[in-house]
Amino acid sequence: MSLDQTLRSHIQQAVSALFNQNVEALQIQPTNQEFEGSHTLVCFPLTKISRKKPEETAEAIGRYLVEESSIVERFNVVKGFLNLVLSEKVWIETLQSIFANPSYGHLPSNGQEIMVEYSSPNTNKPLHLGHLRNNFLGWSVAEIHKAAGYQVHKVQIINDRGIHICKSMAAWSLYGDGETPQSSAMKGDHLVGKYYVEFEKVITAQANALLSKWETGNFDGIAEDIRQKYQKLNDKLSSAKNEEAKKEVSSEIKDLARSVTPIMKLASEMLRKWEQKDPATIDLWKTMNGWVYEGFQETYNKMGVDFDKLYYESDTYLLGKEEVLKGVESAVFFKKEDGSVWVDLTADGLDQKVLLRSDGTSVYMTQDIGTAILRFRDFPKITGQIYTVGNEQEYHFKVLFLILGKLGFDWAKRCYHLSYGMVDLPTGKMKSREGTVVDADDLIAEMVEEAEKQTRELGKVDELTPNEAKELFRMIGLGALKFFLLKVDPKKRMLFDPNESIQLQGFTGPFIQYTHARIRAILRKAESMNLRVSDTDLASAASLTAGEIEVIQVLSQFENKVREATKDYSPAVVANFVYDLAKTYNQFYQNIPIFNESDATKLKVRVALSRAVADAIKKAMNLLGIQVPERM
RNA sequence: GGUCCGAUAGCUCAACUGGAUAGAGCAACAGCCUUCUAAGCUGUAGGUUCGGGGUUCGAGUCCCUGUCGGAUCACCA
């Protein structure tokens, strides 16, 4: 039983003995720094039972605990708050049990199996800052669940199908001149991204050319219905009342022009051929996607992110279509006159939603239905699925889960959308069209460079081999980046300023990595002095300093924090915990020179405490995907 | 317009889900390296928790209302 649980049961016993009633919910919180004690019982809620003033209630419980409980040494009462001072023996025992438990911080298996999805990029452009938050978050939530006793499958769905990849294919086939990642020495995903940008450039130029022709009444080679649509919109434009309405109509006109540009026609043609399994098109698609996968894999490796299984949209969208058609038969969905298939969610307070286009092709929702069903077929034992996807898709997932429920899948209610906020730049949102995207590869490289620069300035590379130094820079740079992105509550949008490089001091990954490295130095010294600590050494310890107790107290919260992080799907809980632990340890470290201690037992307690902290830091940081160095 | 999020120190974020005098880091200022790593530690200064009501022993947290910012409501993904 953990210290907190023990204390809780002792207080419950006290309450029932004193007031003849059992209480389940007790409010126990850490004691404020300014008062003596470690745990505080909030007594206001108990006054109903005690029928006494808060102070008297607290006083009574405090006195009972000191007399009857073996763990409470003394107490003080401030207003309705009962501050408890636990005996040193209890703290020593707590340290002892943490020290003796090599898997401290990891909870025993709970027999549950879940799936976590993250990343899931489109295959037409490289990964960017937003993907970094997504990947780090999803990966970490998966690891945290493992620590909480779940069996976890890490997966992603790769959006390899659709018009977006055809756009890159179209641009490449027109202007690529056979360029490959090998021939250009460019990462595959960046190369494909280059042609996606090229496509955008060309389509904009072509659309503008068309528009200026149309304005002069020249409609050569333009279908009659397009011409009519254009003229209708044009009339609407001249009669638009305000600026906003004008803007809207003129963007509709632009879209119309874009849709009939030669390059757009080529891309659509490719999509059609792809669906008909035209060999040449499929070949090109496979080749270009292959380049992207290679590039992605390189980035994932750099990021330290991995997957147990990959799903491809090209494999799942047909299943989705099948299931939707089944849904039509069972009257869960309905078909409109033009052949499109819809679901009616008005009873759930939402709208009608299209599931299959009138030409029978799939939409985004269709493939997600297929993917979800396929996953539960592949892993029949999973009790839940977590989708790590940005909060702009909250509506989509609400609808998806509703639909799955309507199709009769009981597991639909165990699907969870782990929704996170955007990463904003000081200039606002990242927009690929405006070139304000922060590229993932570039950012990682910059972080590692910054880590190298600062490490060299501090003169810490002298004793390292070139390889060790390189590895250290990578560890620090990436650690800083991951910690920066994970320390913030996932639900909240966050700001990233690329001009202001990420700090390596203060509430940062490197601060914690540094604390770990310092402790390792102490442990190496202990080792060299042949100082070995065993459980029994700790048992014979008699006293602790206030600083040591504080560290043990923070340390003893580790497993609670893992539970909380799991419940909230929040690596930020772990990040805050490990920072708190490092900070508390540093205070202890600064005040008490460990090897100055002449009492052998006390010295061993300090070494044991240091080792327990280093181990906990390492485990907690690993839950965030951050490695910690032996020296830095 | 409907729905959903958010607003806390100059900046970036916390606050154990209703508890004590709202805490950290950065930036600013002042200290601490002959001892285990100063990427550290200690101080000082910085707040009408967006405004206004309400609920109660107690509100940054819950309710109502207003302001501002964002997302979403496609036969796009």
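Here is how names work: the chains are called A, B, and so on, in the same order as the sequence lines, proteins then strands, and each is numbered from 1. Keep in mind the model is a prediction, meaning the values are calculated, not measured.
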Touch class at under 4.0 angstrom, heavy-atom based, for A/Ile594 against every strand present: base
B/G53 to B/A9 separation - C1' atoms, rounded to the nearest Å: 27 Å
Whole angstrom value for the distance that separates C1' of B/U12 from CZ of A/Arg493: 15 Å
Other residues, nucleotides, ligands: >12 heavy atoms within 6.0 Å of A/Lys398 NZ: no
Touch class at under 4.0 angstrom, heavy-atom based, for A/Ile592 against every strand present: base
For atom OH of A/Tyr311 and atom P of B/A77, their distance in whole Å: 22 Å
Separation of B/U37 P from A/Leu464 CG (nearest whole Å): 14 Å
Most 5' of A/Gln352 and A/Glu394 on RNA chain B, judged by nearest nucleotide: A/Glu394
Gap in Å between the two C1' atoms, one belonging to B/C29 and one to B/G10, rounded: 15 Å
Side-chain heavy-atom pair A/Arg258, A/Glu200 within 4.5 angstrom cut-off: yes
Nearest-neighbour nucleotide for the A/Asn586 side chain, B/G40, B/A39, B/C36 considered: B/G40
A/Thr455 vs A/Asn122, nearer the 5' end of RNA chain B by closest nucleotide: A/Thr455
Short side-chain N/O contact from A/Arg357 to OP1 or OP2 of B/C76, under 4.0 Å: yes
Qualifying residue, where the test is side-chain contact (heavy atoms from CB on, under 4.5 Å) with A/Tyr585 and the options are A/Thr515, A/Val554, A/Ile512: A/Thr515
A/Gln557 and A/Gln553 side chains, donor-acceptor separation under 3.5 Å: no
B/U17, syn or anti by chi within 90 degrees of zero: syn
C1'-based separation of B/A45 from B/A27 [nearest Å]: 12 Å
Presence of A/Gln587 side-chain N/O under 4.0 Å of B/U42 phosphate oxygens OP1/OP2: yes
Integer angstrom distance from the C1' of B/U17 to that of B/G58: 16 Å
Test: A/Arg161 cationic atom under 6.0 Å from A/Tyr317 six-membered ring centre, within 45° of axis: yes
Pairwise C1' distance for B/C68 and B/C33, with rounding to whole Å: 49 Å
Interface residues of residues 523-533 of chain A with RNA chain B (non-hydrogen, below 4.0 angstrom): A/Lys525
A/Met632 side-chain proximity, nearest of B/A39, B/U72, B/A38: B/A39
Spacing of the P atoms in B/G6 and B/U61 (rounded, Å): 13 Å
No-hydrogen, no-angle side-chain donor-acceptor test under 3.5 Å, A/His396 and A/Asp368: yes
A/Trp285 and A/Trp274 aromatic ring geometry - parallel, tilted or perpendicular at 30°/60° bounds: perpendicular
Salt-bridge contact A/Arg474-A/Glu471 (side-chain N to carboxylate O under 4.0 Å): yes
Proximity to the side chain of A/Tyr514 - top-ranked nucleotide from B/C36, B/A39, B/C13: B/A39
pair A/Leu46-A/Leu41: side-chain heavy atoms closer than 4.5 Å: yes
Centroid-centroid distance, A/Phe44 to A/Phe81, less than 6.0 Å: yes
Aromatic A/Phe595 / basic A/Lys525 pairing, under 6.0 angstrom, 45° off normal: yes
Any A/Lys491 side-chain N or O less than 4.0 Å from OP1/OP2 of B/C5: no
Near-ring test A/Phe136/A/Tyr118, centroid separation under 6.0 angstrom: no
Integer-rounded Å distance: B/G6 P and A/Leu495 CG: 18 Å
Rounded interatomic separation in angstrom, taking CD from A/Gln513 and C1' from B/U37: 15 Å
B/C5, syn or anti by chi within 90 degrees of zero: anti
Whole-angstrom distance between B/A7 and B/C50, as gauged at atom C1': 6 Å
Contact letters for nucleotides 14-27 of chain B, in which S counts primed atoms plus P, OP1 and OP2 and B counts the base, heavy atoms under 4.0 Å: S-BB-BBB--SSS-
Minimum-distance nucleotide to A/Glu313 side chain [options: B/A77, B/A39, B/U35]: B/A77
No-hydrogen, no-angle side-chain donor-acceptor test under 3.5 Å, A/Asn391 and A/Arg493: no
Under-4.0 Å side-chain N/O to phosphate OP1/OP2 contact, A/Tyr395 with B/U72: no
Distance, C1' atom - from B/U67 to B/G51, rounded to whole angstrom: 7 Å
No-hydrogen, no-angle side-chain donor-acceptor test under 3.5 Å, A/Asp359 and A/Thr361: yes
d(CD, A/Glu392; C1', B/C76) in whole Å: 13 Å
Pair pattern of RNA chain B in dot-bracket, where unpaired bases get dots and | marks partners in another strand, Watson-Crick or G-U under 3.5 angstrom: (((((((..((((.....[...)))).(((((.......))))).....(((((..]....))))))))))))....
Nearest-angstrom distance from the residue atom CD1 of A/Ile476 to C1' of B/A39: 8 Å
Rounded distance (Å) that lies between atom P of B/G70 and atom CE of A/Met494: 19 Å
